[in-house]
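Just the heavy atoms: all of them, side chains too, but no hydrogens, waters or symmetry mates, feed the values below. Nothing here was measured: the structure is a model prediction, and the numbers come from that model. In what follows, chains are A, B, ... by sequence order, proteins preceding strands, each numbered from 1.
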There are 2 protein chains.
Amino acid sequence: MKKNVTMRDIAEKMNVSSVTVSKALNDKDGVSDDLREKIKTVAETMGYRINAAAKSMRDGYSYNIGVIIPERFAGANQSFYLQMYQHISKVLEGYNYSGIMHLLTDEDERNKRLPHLYYEKKVDGFIVLGQMDKEYLKEIKGMDIPIVLLDFYDEYDDVDSVITDNFFGAYELTNYLIRKGHQEIGFVGNLYSTSSIQDRFLGYYKSLLEHHLVMNPEYILNDRDEKGTYIDIEVPKKLPTAFVCNCDQVAFNFISTLKKAGYKIPEDCSIVSFDNDIYATITEPGLTTVEVNVEEMAKTAVRFIIEKIKGNDENNGRVSVKGNIIYRDSVMEQKAR
Amino acid sequence: MKKNVTMRDIAEKMNVSSVTVSKALNDKDGVSDDLREKIKTVAETMGYRINAAAKSMRDGYSYNIGVIIPERFAGANQSFYLQMYQHISKVLEGYNYSGIMHLLTDEDERNKRLPHLYYEKKVDGFIVLGQMDKEYLKEIKGMDIPIVLLDFYDEYDDVDSVITDNFFGAYELTNYLIRKGHQEIGFVGNLYSTSSIQDRFLGYYKSLLEHHLVMNPEYILNDRDEKGTYIDIEVPKKLPTAFVCNCDQVAFNFISTLKKAGYKIPEDCSIVSFDNDIYATITEPGLTTVEVNVEEMAKTAVRFIIEKIKGNDENNGRVSVKGNIIYRDSVMEQKAR
DNA sequence: CTGAAAGCGCTTACAG
DNA sequence: CTGAAAGCGCTTACAG
């Protein structure tokens, strides 16, 4: 098998020019159909494969997109961003692009060191996956290639971002509880920890307001410290009839705490949450939860970045992708009392 | 900010040739230290970034490695290969390489369609992550670039592979049970399903043989059908005092089955398993299990592929990476009876 | 120590 | 419909 078959090799073999070969293989005008077919056949036989580097150099695109993920979001039990990357990678293939993952270390983030992918012009744009230091983000925004933020947004609206509709998801989830007859509903999550939790809390709150239900501060439970480390959740003396938890893992922890305190789920207290990750299925009972539409988010982010690369510099702003409620057995109909 | 600063731009600005700029920036001989420093400074100021495509074309390397993962191994609850990819990607960066994930669809696998990364010469080699169809593998092996198999091996020894030491891990795990006084030890896993399970079974068996303990066929329990779908595990009338499960998830399922049958773990039956994934910690009690050394496996696979690309065509054969036993609370000392 | 020339493999703009 | 020329940005081998 010959190692490096080039267009010129094919051209020589067929006594045509390499220009004609290029046109034939790329389905461009300027070759007769007959010759085109012949060239394609010979190319196939000779095992011709295009040289991406040469093409890249010629037209100035690398056909690669960098996906920046802060390393702290890619730990052993956090597969969410890895799943997201997987979808991105898959969607990019459909555009003839490749996705290159870049794990951002805490150190590089602190020292504002941009990915080597940037310094080598190895990518045409970046999808930035996961909230990061503001100063670092500013640095990222200073690059002269397009970026799209994924699963978080910047305070300034000058850059596109694709996020889950946390607000609306929690709102729908709470509406569902209310339809099931619940009037006293708590929330579990540290409101000062992440933007997602805040939005979920506010969606929950809006639902309460809309139904003229009271938000009882004693039913707003903290689940983690400022650094994000989970803490023991303090169970109030008297329980509401339901809780909205900010994520499945916290729901899992909380249910185990409630069980130890002698409560039965969902008989004594209904629980709903967010993510539909593994914790939603291993909890007894299974959790009614909002599934994030990872695929749709990936598709949207990729579409935006490709558009920008193609030169369409329209600002898409902040786009929310709606999740779906997955119904399981953690909610019980509440009789009026 | 100027868009595309090239070496020539720097050269013109400084009244030297682009050859000199190239030498200076690449720390090659042939430039005075003084000039070198000046060039570097100017390059920095002008925001020069090397063009990977041009470099690639020149020296024939893409500085990319493809990582092929069969799509069925990258489902929502299977983050193992994604973790592995993440480590590969990280290790590659240290070699100035990038890892590009390619998800192999069942369809492409059936039709023996090679990754587009290959047809575009976009990668210098492939790490093949996860067992796949033999016919497809043959196709892969027919490519004219280096490959390394990761987490599985081929029946022929002509290609390098890096695997977990399943055999030795299960052997050590069983030895541990025996040291704890267990004499009747079962195994959970379909022996005809995957090579990993087989090897784990054989390691378990060797430990029994070495200690002159009987392998009771009634204590070898099936956990899945031929397609890999988990089935209800049939609990034997009389239990041995311990079981080696082929993975944490199965241990999780099995323990839940045993509990429902009224057994207490580890009092009535000790359990050990493999993987140290999320199931090892959510099981009550936590599982004593073998942790796969993902990082070391990634390092080894990357080292092999880079060596091969650099032209060292020494055959490394099949290399096993040892795991570590993580001790938790699923094993109880067994008093002699 | 410095630089002119050549070439990596492709594609576009232009001439015939 | 076909092809000669030029150029993308770099680096190596060679000449001075």
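Summary of the strand contacts: K23(B) and N51(B) both lie near DNA chain D, and taking for each the nucleotide with the nearest heavy atom, the more 5' one is attributed to N51(B). Toward the 5′ end of DNA chain C lies the nearest nucleotide of S18(B), the other residue of the pair R58(B) and S18(B) mapping further downstream. Sequence order on DNA chain C of the closest nucleotides to V19(B) and A54(B) puts V19(B) first from the 5' end. Along DNA chain D, the nucleotide closest to V16(A) and the one closest to D59(B) are compared, and the more 5′ of them pairs with V16(A).
The side chain to side chain donor-acceptor pair (under 3.5 Å) test applied to Q131(A) returns no partner, not counting sequence neighbours. For S56(A), there are no side chain to side chain donor-acceptor pair (under 3.5 Å) partners two or more places apart in sequence or in a different chain.
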Hey, mind stepping through I100(A) and E93(B) against side chain to side chain contact (heavy atoms under 4.5 Å, CB included) and telling me if it holds?
-> CA-CA 11 Å; I100(A) 299 182; E93(B) 273 200 21; over 6 Å; no

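Between Y85(A) and Y85(B), the gap from one ring centroid to the other is short of 6.0 Å.
If you take CZ on F126(A) and OH on Y118(A), they are separated by 9.0 Å, rounding to the nearest 0.5 Å.
Residues from residues 25-37 of chain B with heavy atoms under 4.0 angstrom of DNA chain C, sorted by number: G30(B), V31(B), S32(B), L35(B).
With hydrogens and angles ignored, the 3.5 Å screen pairs no side-chain donor or acceptor of R49(B) with any backbone N or O of E120(A). Between the side chain of Y61(A) and the backbone N or O of V123(A), no donor-acceptor pair lies under 3.5 Å.
Between G47(B) and V5(B) the shortest heavy-atom distance is O-CG2, 4.3 Å.
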Return all side-chain donor-acceptor pairs below 3.5 angstrom for residues 292-308 of chain B, not counting sequence neighbours, or 'none' if the list is empty.
from	atom 1	to	atom 2	distance (Å)
N293(B)	OD1	E296(B)	N	3.2
T300(B)	OG1	E296(B)	O	2.7
K308(B)	NZ	D160(B)	OD2	3.1

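Note on Y61(B): nothing from the nucleic acid sits closer than 4.0 angstrom, heavy atoms only.
When DNA chain C is scanned 5' to 3' for any atom under 4.0 Å from a heavy atom of chain B, the first and last hits are dC1(C) to dG9(C).
A donor-acceptor pair shorter than 3.5 Å can be found between the side chains of Y81(B) and D151(B).
Figure legend: cation-pi geometry between R318(B) and Y153(B), with NZ or CZ positioned under 6.0 Å from the six-membered ring centre and within 45° of its axis.
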Using Watson-Crick and G-U wobble pairs whose two distances are both under 3.5 Å, how do you write the pairing of DNA chain D as dot-bracket, with | for links to another strand?
-> |||.||||||||.|||

